[in-house]
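Below is one structure, written out as structure tokens; the observations come after it.
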Protein chains: 2
Amino acid sequence: MFETAEIGHKLKKSEFVREEPKLRAALLDAQYQLLADRRFPVIILVNGVDGAGKGETVNLLNEWMDPRHIHTHAFGASIDAERARPEMWRFWQALPPKGKIGILFGSWYTDPILQRVMESEDAAEFDRRLARIRDHERMLVAEGALIMKLWFHLSKDAQTKRLKALSAKRKTAWRVTKEDWKRFKHYDEFVGVCELALRETSTGEAPWNIIEGSDHAYRSLTAGRLLLDSLTRRLKGSTQKISPVEPLPQQSLDKRDILNTVDYTHKLGHADYDNKLSKLQGKLSLLTRHKKMRDRSIVMLFEGMDAAGKGSTIRRITRAMDARFYHIVPVAAPTDEERAQPYLWRFWRHIPPHGHAVIFDRSWYGRVLVERVEKFCGENDWMRAYHEINEFEEQLVVGGAIVVKFWMAISQAEQLKRFRERAKTPHKQFKITDEDWRNRKRWPDYERAVADMIERTSSVLAPWHVIASNDKPWSRVETLKRLCETIEGAL
Amino acid sequence: MFETAEIGHKLKKSEFVREEPKLRAALLDAQYQLLADRRFPVIILVNGVDGAGKGETVNLLNEWMDPRHIHTHAFGASIDAERARPEMWRFWQALPPKGKIGILFGSWYTDPILQRVMESEDAAEFDRRLARIRDHERMLVAEGALIMKLWFHLSKDAQTKRLKALSAKRKTAWRVTKEDWKRFKHYDEFVGVCELALRETSTGEAPWNIIEGSDHAYRSLTAGRLLLDSLTRRLKGSTQKISPVEPLPQQSLDKRDILNTVDYTHKLGHADYDNKLSKLQGKLSLLTRHKKMRDRSIVMLFEGMDAAGKGSTIRRITRAMDARFYHIVPVAAPTDEERAQPYLWRFWRHIPPHGHAVIFDRSWYGRVLVERVEKFCGENDWMRAYHEINEFEEQLVVGGAIVVKFWMAISQAEQLKRFRERAKTPHKQFKITDEDWRNRKRWPDYERAVADMIERTSSVLAPWHVIASNDKPWSRVETLKRLCETIEGAL
């Protein structure tokens, strides 16, 4: 894989001098068009061997284009403080919005590669991390991002020469650290692991470009032209479409699904309710203050038809917790900063560090519920969302989060009763809008969407809890019970 | 000051039971109106003696109102990682947007008080920090925020009883930490320092409310009623107006100002330019990699009339720096998340940690330039901005930032020449718009605004560098020279 980048690629300086101004002008033009269109973000990943000119190339790209619209971020192996949130969190924070260019040094590749080479993390875990990366990049591409992956390579000999040359000069010696020499000792293992990483993550939608790094002119023009070429093609409109290969979900033949088979007969009397509720709240209160909670976080979400009782159930839960411990995110229309980012970005930004909880009142499942039913997004988008969501939740769990998902199920008749009550009660009228009545007409569509959602996203790591909620007391107690059980099980 | 909160305030439980539901309903109504109007944010500061019921009260407020629209944040003394940015940075990140309620535990009061009591920080520094707090709160109020400052008090006897009672019960023992007992030993000093803090920061626009904390019913109803009262009054429309007491800036009698006395005769030949530029870039490159830079940051900003050469000068600077070191912020129209926050919020979010630089291409000075001239904000707003900006920059400097401000000065004739060139050159036409021509007609107004700005915001901590920029080579070299000198002086 690296052979072609060890043959001593070189360009004459005169050729560089002749070509650079043209390339530069073209890149700048393309950048301004990107900025004017604001159709997609450009994500440039820069990785490779130490001393192969990664930094110089990035500085040159900043010099050639308008650096005001390029954000450069450097990432090393993740440090402890960053481990308080799922691994990918810091990369989500660094994504460029539509119209801008983000250059990520190291990015999501550095930590897996270093862990594998220097800490001998096992091969299976390495594979899992590569698979996660593949999914992540696929999602970014599907969300419209242009991803350019640049790998700067040097042969072992060339790297020795380069590190020595840099160390020798006072002006450049600072660029070679002890870490670099330490890593150099592992050159062969390092290259072996990298080859595997590149092979496994060079996909049709986001292939790696390997660039030999020893010659400045060759390296720079190659990187610049690659960027220009991809940018120009995307600006002309050729977008990569990822079509769903899977068949669309079908309704079950006997018309029975997880929702229409819910047992709505459960009921709980008043005294029983008060008693059980306060016991469970006490339990939850203790659990959230458990010593082990310092290294874990809780991510709860509530979905359900309108008037299913999400808000009032959330209040029964928060009453058991200290206000400093949790944070509630009512999911509303995205802001313009959120619209300039991939779909999941607006949820990632609220993922709490260890020792904290977040409660989503509606969630990322909007994509496969309201957005599917109301056709706010394309079939491609909601079809790929199931897998993206499973990936997302797996990342949360791997990062130490306890993920608890509730579907508050009510019958169509119960909803009608509650709508009418709301319309009658003065201080509840603001809670019922024309939209609620409109959504109600779509009940069968929503029911299908819910059934598909639960089938495709209820996993061992993050199962759905379908709570029969026609009887509010029973529903609240059951929710708290499941929540306590889940947290207890996880700690 | 605390005498009235040591007289053993008490309410009958029956009164609490009777009043609570009414208060709760009224608070919830007010909260929903706040949310619907989105006119202003509510900032509740919660401070006081340990064990005086701060946590319980906040939990109760979350229970009474809709917790989905309340964000609670706890702040202790600042930890080392947070010291990599100016002190107030973390509080800016926690401000609630318009329509929402933010509850800040401890907030900006905890660190100064603890440093004074426990670490014996000197009295003069304590005073300075209180003055900064006063300014900060005044700015928030002027930006429309409703600030409620609640101080929960306990007499020494009551605190002893309370801490002992909490420690005795298994269910509540976790709430009393070693730190609490350690602080309790300093009760008298602590109360003395707090009294001073409260006295100095109880202003007309943001007064302290002292609440005796020993009785649950009294404490809770008092806090709830205070909040309800302020909220209701603000929702009805009575806003606090802070009018400028100072006279408006006047033009100097001889019509001479900092801009029309700029010496535009400086010139630099081509060879001289190349030579000096590359020497200065080399110097800047070394300075940004200086060991001491790890505990400092750089905040640069560029202002100037259209076509003054801000962009091209910035590029000469960034070429000398590693792309991982700096970040450029081109200041454009605010996003909707930014519009829901005080004016300076959108600049605070970009303030870098130590070891990094940010370059603002236009800046917070927009408020006293374009917003003043085009009347995008009221006279009150731009008049108070001078002081707010001085405060802001002082906070940056105190927090370790090197602040460097450039005004790129060109003459009116030179601007005309550059506009015409741009209009003629195909790849520069996008840089010249109708707005540029329109702004040009306002030249005298802008010149007045600039003169006032420099007079009022050029300080020893953050002086303005007025750079004669009719000759681009001279201007770029001069800018780099001043920049290097400033950084060198600071390190």
If you take the centroid of each ring, where Trp contributes its six-membered ring, are Phe75(A) and Phe105(A) closer together than 6.0 Å?
no
Under a 4.5 Å heavy-atom cutoff, which of His71(B), Glu56(B), Met321(B) has the most pairs with chain A?
His71(B)
Tell me, side chain or backbone of Lys100(B) under 4.5 Å from chain A's heavy atoms, or both, or neither?
side chain
Using non-hydrogen atoms and a 4.5 Å limit, figure out which bit of Thr335(A) sits close to chain B: side chain, backbone, both or neither.
both
Could you have a look at Glu63(A), Glu338(A), Glu337(A), Arg315(A) and say which one has the most heavy-atom pairs with chain B under 4.5 angstrom?
Glu337(A)
Measuring heavy-atom distances to chain B, does Asp361(A) have an atom under 4.5 Å in its side chain, in its backbone, in both, or in neither?
side chain
Measuring from atom OG1 of Thr177(A) to atom CD of Glu179(A), what distance do you get when rounded to the nearest 0.5 angstrom?
6.0 Å
Measuring from Asn62(B):CG to Trp64(B):CH2, what's the distance to the nearest 0.5 Å?
11.5 Å
Between Asp322(A) and Lys54(B), is the closest basic N to carboxylate O distance under 4.0 Å?
no
Arg362(A) NZ/CZ over Phe302(A) ring centroid, <6.0 Å and within 45° of normal:
no
If one checks every heavy atom of Arg289(B) against chain A at 4.5 Å, the contacting part turns out to be side chain
Select one option (side chain, backbone, both, neither) describing which atoms of Tyr32(A) are under 4.5 Å from chain B's heavy atoms.
side chain
Starting at NE2 of His69(B), measure out to CG of Leu34(B) and round the result to the nearest 0.5 Å.
10.0 Å
